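Following: one structure in structure tokens, then a few remarks.
The model shown is predicted, which means the values in this text are computed figures rather than measured ones.
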Amino acid sequence: MRILVLGSTGYLGGHVAERLRALPGARLLTGGRAPDADVRCDLATDPPGALAELFARAAPDAVVNCAGAVGGSALTLAEVNARGPAALCEALRSAAPGARLVHLGSAAEYGPRPRDERTAEDAPARPLAPYGATKLAGTLAVAASGLGAVVLRVTNPVGPGAPAAGLPGRFTAELRRAAGQSPHDTVRVGDLSSYRDFVDVRDVAEAVALAVTAPGPLPPVLNVGSGRSVPVRDLAHGLVRAAGFRGRVEETLTGSGRSAAVPWQCADITAAARELGWRPVFTLAESLAALWTADGMGSGAAPGPETGPSPARDAGPGAGQQSLRGIPAPGRSAGRGSRPAPAPDGPRS
């Protein structure tokens, strides 16, 4: 089975590619702007005809689109998150109409939801900001493409390699800095009272593998989350425990306006269990322990890998990320072949 993964150099894409390589009989092809990509392309700018020629030569049985922008201007978000999936679908209709397409969407597409609700796929989509709106446009393009396609709407990914643009990666880097200066240092954060649905990045990769290999048609959209909502404060203090940090975490009353606008997020994952036989297996504590082991115990700032052919890219899992007011974002490398862009400083839901 020939599987083309777009955006394989980033956070989600890297974990997805690793999981798909382990499938029996799989031959993995990478696609994107990186010089060593098997299929050199940019969904944000390449004409559909040129993409079709590339995809025809690659002859994939399945395509997984992990490319997405979580930061940058509204134009960048529109080019990558909306135009990109639309161009991809048009090219695939010409070059590989029988290929299974798995596209990573974002729970930010839903917007605010009532407290204590588990949001199902048929809930109204009312995104608040350009990120969620452009991700929703990409989802609509995929759903209307006529291809054998499914959008996996990912909540808040956490685990090894988390980029510094979001709370898990940023807080990991800050804890490492504080612990290196003094075992009793103080880490100051903003308001962490919002509730979010955190899902392990390795569970996301497993959902993608099941969607790629599913034998029959799938619904147009499936939620991929933990099915549980916890205060963001739990994530911060869970990382403190994983790090063995003995200093103080000082929470202020200020925070992101977007966090306040979306105080609750929780995905209903019943459909993914029914259609894919998928359920998350990692607990939040296990995800945080793996994150600290991978990224918190080394030296230097945690890297912020790009996840596709465009800046600050992350497919949907940017969704619901929290900012840490009072914690400056570490500098990020734009990654191989990416355009530089500012990292996001607030939630993506």
Side-chain angles (χ1 to χ4, degrees), residues 5-8 10-17 19-20 64-70 80-81 84-85 101-111 113 118-121 123 125 127 131-132 134-136 138-139 142-143 149-163 165-169 196-212 218-229 235 262 265-273 275-276 278-282 284 287 305 307-308 312-322 344 347-349:
V5 178
L6 299 162
S8 63
Y11 180 39
L12 288 181
H15 284 276
V16 166
R19 177 65 187 92
L20 294 178
V64 180
N65 185 26
C66 298
V70 300
V80 180
N81 296 338
L101 171 60
V102 179
H103 173 73
L104 296 191
S106 168
E109 298 168 36
Y110 289 120
R113 305 304 307 169
R118 284 189 172 87
T119 306
E121 290 84 354
Y131 172 73
T134 56
K135 290 297 291 184
L136 177 59
T139 288
V142 172
V150 60
V151 176
L152 302 184
R153 269 187 181 150
V154 181
T155 57
N156 295 263
V158 62
L167 182 143
R196 291 292 181 265
D197 184 331
F198 294 103
V199 62
D200 194 285
V201 66
R202 295 162 294 181
D203 282 325
V204 175
E206 181 63 23
V208 171
L210 290 170
V212 164
L218 293 170
V221 178
L222 291 172
N223 288 336
V224 173
S226 69
R228 295 179 61 247
S229 190
L235 179 137
V262 186
Q265 178 201 71
C266 187
D268 184 337
I269 56 174
T270 305
E275 300 292 337
L276 301 177
W278 174 86
R279 288 190 181 278
V281 299
F282 292 97
L284 180 57
S287 301
T307 58
R313 309 214 171 179
D314 193 301
Q321 289 179 345
Q322 297 282 331
R348 298 293 164 200
S349 60

Which distance, rounded to the nearest 0.5 Å, do you find between the CG of Leu152 and the CG of Leu104? 6.0 Å
Please identify each residue that fulfils side-chain contact (heavy atoms from CB on, under 4.5 Å) with Ala205, with sequence neighbours left out. His15, Val16, Arg19
Correct closest heavy-atom pair for Glu109 and Ala125 would be O-CB, 3.4 Å
Does Asp200 use its side chain to pair, donor to acceptor, with the backbone of Gly159 at less than 3.5 Å? no
Of the non-hydrogen atoms in Pro85 and Val80, which two are nearest, and what is the gap between them? CD-O, 3.4 Å
How close do Cys66 and Val5 get, counting heavy atoms only, and between which atoms? SG-CG1, 4.2 Å
Tell me the closest heavy-atom pair linking Thr155 and Gly225, and the distance in Å. OG1-CA, 3.4 Å
Rounded to the nearest 0.5 Å, how far does CZ of Arg228 lie from SG of Cys266? 8.5 Å
Can you spot which of Val224, Val221, Leu222 makes a side chain to side chain contact (heavy atoms under 4.5 Å, CB included) with Val151? Val221
Does a side chain donor of either Asp197 or Ser226 reach within less than 3.5 Å of an acceptor in the other side chain? yes
Which heavy atom of Leu12 sits nearest a heavy atom of Pro157, and at what distance? CD2-CB, 4.0 Å
Do Glu206 and Val281 have side chains that get closer than 4.5 Å, going by heavy atoms? no
For the student: nearest non-hydrogen atoms of Asn65 and His103, plus distance: ND2-ND1, 3.0 Å
Just by distance, do the side chain of Trp278 and the backbone of Ala209 share a donor-acceptor pair under 3.5 Å? no
Go through the structure and list residues passing salt bridge (charged side-chain N to carboxylate O under 4.0 Å, His left out) with Arg113, not counting sequence neighbours. Glu117
Residues in salt bridge (charged side-chain N to carboxylate O under 4.0 Å, His left out) contact with Glu275, at least two apart in sequence or another chain: none
